[in-house]
Chemist: 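A single structure is presented below for examination.
Predicted model only: the values in this text are computed from it and were never measured. Reckoned from all heavy atoms, side chains included, excluding hydrogens, waters and symmetry mates.
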Amino acid sequence: MINPNLSRLQGPNLALRLVQPRDASYLYGLRVNPAYNLHLSQVRGTAEDQRHWIEAYKTREAEGCELYYIIERHDGQACGTVRLYDIKADSFTWGSWILDAGKPPKAALESAVLVYRIAFDLLGLRIAQFDVRRDNETTLAFHRRFGATQTHTSETDAFFTYPRTQYDADLERHMGVLRGVAAE
């Protein structure tokens with residue numbers, strides 16, 4: 001059974017809640033939309049196939065090896081997705097990160113902070129490992145500004161690490177930015 005603290009996590013402007021089969025149409029719509037899927041693996045099938053995929057994923061969620069979230073504004077409107085996967089004893093990978101046009105200001109920063117809160121504070125992991133397509137300049141720049149370290153590249157991807165120690169050092173600064181946005 002999944003830790004109830006992992007089911008929904010609130011930030012100043014956003015929340016992450018675990019994906020449900022009822023989210024299939026929204027998730028599928030993001031995955032097939034050319035405005036959002038340029039740097040993601042190609043999806044095939046239908047929204048119904050996506051629902052079946054979510055149902056199968058729930059087993060991996062229950063086993064604690066993968067967590068897939070819908071990013072929501074505080075009014076309950078979905079505005080993106082993010083996934084933690086390949087969860088091991090001290091590390092994890094994250095991706096499937098999409099923010100749609102309805103996202104609030106600083107949604108990238110806040111959703112990243114929430115991902116790291118889940119991984120580092122709730123799961124007790126110590127390092128994030130992830131890759132970004134080399135032509136995804138916006139996301140590459142975001143991770144570099146956030147403090148992630150690029151470790152190497154392949155023909156298509158740049159690989160990064162982000163340790164808990166960096167998160168701990170940067171958290172108050174990130175929260176200050178987010179509290180400032182919430183106060184606007």
Side-chain angles (χ1 to χ4, degrees), residues 2 6 9 11 14-20 23-24 26-45 49-50 53-54 56-61 63-72 78-101 103 106-123 125-164 166-167 170 174:
I2 190 85
L6 297 172
L9 193 65
L14 295 174
L16 300 186
R17 68 160 174 82
L18 289 171
V19 72
Q20 299 299 323
D23 298 311
Y26 175 72
L27 187 55
Y28 181 78
L30 289 176
R31 298 291 308 225
V32 299
N33 186 326
Y36 306 125
N37 72 4
L38 181 62
H39 304 290
L40 300 175
S41 57
Q42 188 176 21
V43 69
R44 291 174 175 45
D49 294 327
Q50 184 71 65
W53 185 93
I54 292 169
Y57 141 80
K58 288 300 211 178
T59 300
R60 297 187 302 278
E61 176 187 286
E63 294 168 350
C65 58
E66 186 173 344
L67 299 168
Y68 207 159
Y69 289 94
I70 297 293
I71 302 168
E72 292 181 331
C79 64
T81 66
V82 68
R83 185 169 62 105
L84 289 75
Y85 58 98
D86 199 21
I87 299 170
K88 297 188 168 115
D90 67 347
S91 68
F92 74 103
T93 301
W94 69 287
S96 304
W97 190 27
I98 304 171
L99 291 164
D100 72 21
K103 68 187 180 301
K106 304 292 181 191
L109 175 61
E110 186 164 358
S111 58
V113 167
L114 290 171
V115 163
Y116 291 125
R117 270 184 54 197
I118 290 165
F120 297 144
D121 295 339
L122 298 177
L123 296 176
L125 304 175
R126 66 175 193 85
I127 194 158
Q129 302 169 353
F130 54 94
D131 57 277
V132 179
R133 297 283 189 256
R134 288 176 63 176
D135 59 352
N136 190 348
E137 295 174 15
T138 302
T139 303
L140 288 169
F142 171 85
H143 286 300
R144 288 175 180 135
R145 281 191 318 272
F146 199 88
T149 301
Q150 185 174 325
T151 59
H152 62 286
T153 60
S154 70
E155 188 174 308
T156 57
D157 298 312
F159 295 84
F160 291 86
T161 61
Y162 185 77
R164 181 188 181 117
Q166 186 71 46
Y167 162 81
D170 295 341
H174 295 319

Chemist: Looking at every non-hydrogen atom in both residues, tell me the closest pair between Pro163 and Phe120 and how far apart they are.
Modeler: C-CZ, 3.9 Å
Chemist: Quick one: are the ring centres of Phe130 and His143 less than 6.0 Å apart?
Modeler: yes
Chemist: What pairs of residues pass the salt bridge (Lys or Arg N to Asp or Glu O under 4.0 Å) test when at least one of them lies in residues 85-99, not counting sequence neighbours?
Modeler: Asp86-Lys88, Asp90-Arg126
Chemist: Shortest non-hydrogen contact from Ala78 to Ile70?
Modeler: CB-CG2, 3.8 Å
Chemist: Verify whether one side chain among Gln150 and Arg144 offers a donor that lies under 3.5 Å from an acceptor in the other.
Modeler: yes
Chemist: Could you tell me if the side chain of Leu27 sits less than 4.5 Å from the side chain of Ile54, heavy atoms only?
Modeler: yes
Chemist: Where is the tightest heavy-atom contact between Tyr28 and Gly45, given as atom of each residue plus distance?
Modeler: OH-O, 2.6 Å
Chemist: Quick one: do Arg133 and Asp157 make a salt bridge, cutoff under 4.0 Å?
Modeler: yes
Chemist: Taking side-chain hydrogen bond (donor to acceptor under 3.5 Å, both in side chains) as the definition, give me every residue that meets it alongside Gln129, ordered by chain and number, with sequence neighbours left out.
Modeler: none
Chemist: Under the side-chain contact (heavy atoms from CB on, under 4.5 Å) test, which residues partner Thr149, sequence neighbours left out?
Modeler: Thr161
Chemist: Please report the shortest heavy-atom distance between Ile71 and Ser111, naming the atom on each side.
Modeler: CD1-CB, 3.9 Å
Chemist: Output all residues satisfying side-chain hydrogen bond (donor to acceptor under 3.5 Å, both in side chains) with Asp131, sequence neighbours left out; order by chain, then residue number.
Modeler: none
Chemist: Which heavy atom of Arg83 sits nearest to which heavy atom of Ser96, and what is that distance?
Modeler: NE-OG, 3.0 Å
Chemist: Check whether any side-chain heavy atom of Tyr162 lies under 4.5 Å from a side-chain heavy atom of Asp170, and answer yes or no.
Modeler: yes
Chemist: Can you tell if the side chain of Glu66 reaches within under 4.5 Å of the side chain of Leu84, non-hydrogen atoms only?
Modeler: no
Chemist: Flag the pair Phe92 / Tyr85 as yes when their ring centroid distance falls below 6.0 Å, and as no otherwise.
Modeler: no
Chemist: By side-chain hydrogen bond (donor to acceptor under 3.5 Å, both in side chains), which residues pair with Trp53, not counting sequence neighbours?
Modeler: none
Chemist: Pair Leu18, Tyr57 - check side chain to side chain contact (heavy atoms under 4.5 Å, CB included), show working.
Modeler: CA-CA 11 Å; Leu18 289 171; Tyr57 141 80; 3.8 Å; yes
Chemist: Taking the basic N atoms (NZ, or NE/NH1/NH2) and the acidic carboxylate oxygens, is any pair closer than 4.0 Å for Asp23 and Arg17?
Modeler: yes
Chemist: Flag the pair Leu9 / Leu6 as yes when at least one side-chain heavy-atom distance between them is below 4.5 Å, and no otherwise.
Modeler: no
Chemist: Can a donor-acceptor pair be found between the side chains of Asp100 and Tyr26 at a distance below 3.5 Å?
Modeler: yes
Chemist: Taking only residues two or more places apart in sequence or in another chain, which ones pass ring pair (Phe, Tyr, Trp, His ring centres under 6.0 Å) with Tyr69?
Modeler: none
Chemist: May I ask you to say whether Glu61 pairs ionically with Lys58, meaning some side-chain N is under 4.0 Å from a carboxylate O?
Modeler: yes
Chemist: State, yes or no, whether a side-chain contact exists between Leu67 and Val82 at a heavy-atom distance under 4.5 Å.
Modeler: no
Chemist: Over all heavy atoms of both residues, which pair between Ala158 and Leu140 is shortest? Give the atoms and the distance, please.
Modeler: CB-CD2, 3.7 Å
Chemist: Could you tell me whether the side chain of Phe159 reaches within less than 4.5 Å of the side chain of Val132, counting heavy atoms only?
Modeler: no
Chemist: Distance check, rounded to the nearest 0.5 Å: Arg117 atom CZ versus Leu16 atom CG?
Modeler: 9.0 Å
Chemist: Does the separation of the ring centres of Phe142 and Trp97 fall below 6.0 angstrom?
Modeler: yes
Chemist: Is there side-chain contact between Leu109 and His174, with heavy atoms separated by less than 4.5 Å?
Modeler: yes
Chemist: Answer with yes or no whether the side chains of Asp121 and Tyr167 bring together a donor and an acceptor at under 3.5 Å.
Modeler: yes
Chemist: Let me see the working for Tyr116 and Phe146 under side chain to side chain contact (heavy atoms under 4.5 Å, CB included), right down to the final yes or no.
Modeler: CA-CA 12 Å; Tyr116 291 125; Phe146 199 88; 3.4 Å; yes
